[in-house]
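Report on the structure given below.
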Amino acid sequence: MQKLTPIAIPALKDNYIWCIKNDHQCAVIDPGEATPVLNFLAKKRWQLTQILITHHHDDHQGGILELLAHFPYAEVYGSVTEAIMGLNRPLLGGETLKIVGLEAQVLALPGHTLGHLGYYLDGALFCGDTLFGGGCGRLFEGSYEQLYESLQKISELPNDTQIFPAHEYTLQNLKFAEAVEPLEVNPKIQIRIGKVRDLLDKKKPTLPSLLG
């Protein structure tokens, strides 16, 4: 069976809108703006059938209504406790869904926001602003305890889980990690910084990263 291959659609300043597809269905995760998605889908000649939202911040859902104007039958998944535009598939976390024909688990990941969700399918976790390359999300609504518990929940997934955050924050997170654990303490950070810089120099995403 072919492994899921998410495609990064760059948006706004440093967002990634992730696109996943099988033979008959196409989904995007956290479309903060519509234009890059519409251009990408037009080029591929793909039809959008599902929109997954991790949380209510505008840079994650700002493109929903325009996408629905072009794909009015698309399903919009998101937290029932947050104000998600066009929401027609409300979730709380704990559900099992079919996303592009694959079984997906919905994880409640409060911390960054109170109703933050993650979507785990086919060995990939779309975690919005909960976990990033080299760091985790900021607290806007939840508590440190909630974010810690959300990260613990993610840590229970298989080590080969691919992590697909919604922002290109890896380098700046690693710079902070380097300040906390300098070269003589943790040389692995320096090695990873080198790999990340190389990817960015080539205009490539530093994501996904492996949970392990």
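- With hydrogens and angles disregarded, no donor-acceptor distance shorter than 3.5 Å links the side chain of Asp129 to the backbone of Gly137.
- When each of Leu87, Leu97, Ile84, Asn88 is tested with Tyr77 by the rule side chain to side chain contact (heavy atoms under 4.5 Å, CB included), just one qualifies, namely Leu97.
- When every heavy atom of Ile193 is checked against every heavy atom of Leu171, the shortest pair comes out as CG2-CD1, 4.1 Å.
- Rounding to the nearest 0.5 angstrom, the gap separating the CE atom in Met85 from the CG atom in Asp58 is 5.5 Å.
- Between Trp18 and Phe126, the ring-plane angle classifies as tilted under the 30° and 60° cut-offs.
- The CG atom of Leu125 lies 8.0 Å from the CG atom of Leu211; values are rounded to the nearest 0.5 Å.
- Listed for the Tyr119 side chain is a donor-acceptor partner under 3.5 Å among the backbone atoms of Ile53.
- Between Leu200 and Glu168, the closest heavy-atom pair is CD2-CD, 3.9 Å.
- Without hydrogens or angle criteria, His60 side chain to Gly32 main chain gives no donor-acceptor distance under 3.5 Å.
- Looking at every heavy atom in both residues, Gly142 comes nearest to Leu114 through CA-CD2, 3.8 Å.
- Using a 4.5 Å cut-off on side-chain heavy atoms (C-beta onward), Asn159 and Leu210 make no contact.
- The pair Lys202-Asp198 meets the salt-bridge criterion, since a charged nitrogen lies less than 4.0 angstrom from a carboxylate oxygen.
- One finds the CG atom of Leu131 at 10.5 Å from the OG atom of Ser150 (value rounded to the nearest 0.5 Å).
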Next item on the list: Could you please spell out the steps behind the side-chain contact (heavy atoms from CB on, under 4.5 Å) verdict for Thr170 and Phe132?
Entry: CA-CA 7 Å; Thr170 311; Phe132 297 108; over 6 Å; no
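- We find the OG1-OH distance between Thr206 and Tyr16 to be 6.0 Å, quoted to the nearest 0.5 Å.
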Next item on the list: Show your reasoning for whether side-chain contact (heavy atoms from CB on, under 4.5 Å) applies to Ile163 and Cys127.
Entry: CA-CA 7 Å; Ile163 304 297; Cys127 54; 3.6 Å; yes
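- Here CD1 of Ile51 is found 10.5 Å from CD1 of Ile29. Values are rounded to the nearest 0.5 Å.
- The two atoms that bring Leu68 and Gly86 nearest to each other are CD1-CA, 4.0 Å, heavy atoms only.
- Side chains of His55 and Asp30: no donor on one and acceptor on the other come within 3.5 Å.
- No side-chain donor-acceptor contact under 3.5 Å links His116 and Gln146.
- Residues Glu75 and Thr49 bring no donor and acceptor atom of their side chains to less than 3.5 Å of each other.
- Here the CD-CG distance, from Gln61 to Leu67, works out to 11.5 Å after rounding to the nearest 0.5 Å.
- Side-chain contact between Asp59 and His167 is present, with heavy atoms from C-beta onward closer than 4.5 Å.
- Cluster annotation: Leu12 is not connected to Val37 through the hydrophobic network of ILVMFWY side chains, with a link wherever side-chain heavy atoms come within less than 4.5 Å.
- Closest approach of Cys26 to Leu48, counting heavy atoms only: O-CD1, 3.5 Å.
- Looking at Leu207 and Pro165, their side chains come closer than 4.5 Å, going by heavy atoms from C-beta outward.
- Side-chain heavy atoms closer than 4.5 Å link hydrophobic residues (I, L, V, M, F, W, Y) into clusters, and following such links, even through other members, never connects Leu4 to Leu157.
- Taking all atoms of both residues into account, the shortest heavy-atom contact from Gly133 to Arg192 is CA-NH2, 3.9 Å.
- In this structure, Ile64 is a member of the same hydrophobic cluster as Leu38, with clusters built from ILVMFWY side-chain heavy atoms closer than 4.5 Å.
- Contact annotation: the side chain of Leu151 approaches that of Cys136 to within less than 4.5 Å [non-hydrogen atoms, C-beta and beyond].
- Remark: the backbone N or O of Lys188 is not paired with any side-chain donor or acceptor of Gln190 at under 3.5 angstrom.
- Residues Ile99 and Tyr120 do not share a hydrophobic cluster, clusters being chains of Ile/Leu/Val/Met/Phe/Trp/Tyr side chains in contact below 4.5 Å.
- Under the 4.5 Å side-chain heavy-atom criterion for grouping Ile, Leu, Val, Met, Phe, Trp and Tyr, Phe164 is connected to Leu121 within one hydrophobic cluster.
- Side chains of Glu82 and Thr113: a donor on one and an acceptor on the other come within 3.5 Å.
- A donor-acceptor contact shorter than 3.5 Å links the side chain of Gln50 to the backbone of Lys98.
- Around atom CZ of Phe140, more than 12 heavy atoms belonging to other residues, nucleotides or ligands sit under 6.0 Å away.
- Between the side chain of Lys21 and the backbone N or O of Pro6 there is no donor-acceptor pair closer than 3.5 Å.
- Counting heavy atoms from C-beta outward, Val180 and Asn186 have side chains that stay 4.5 Å or more apart.
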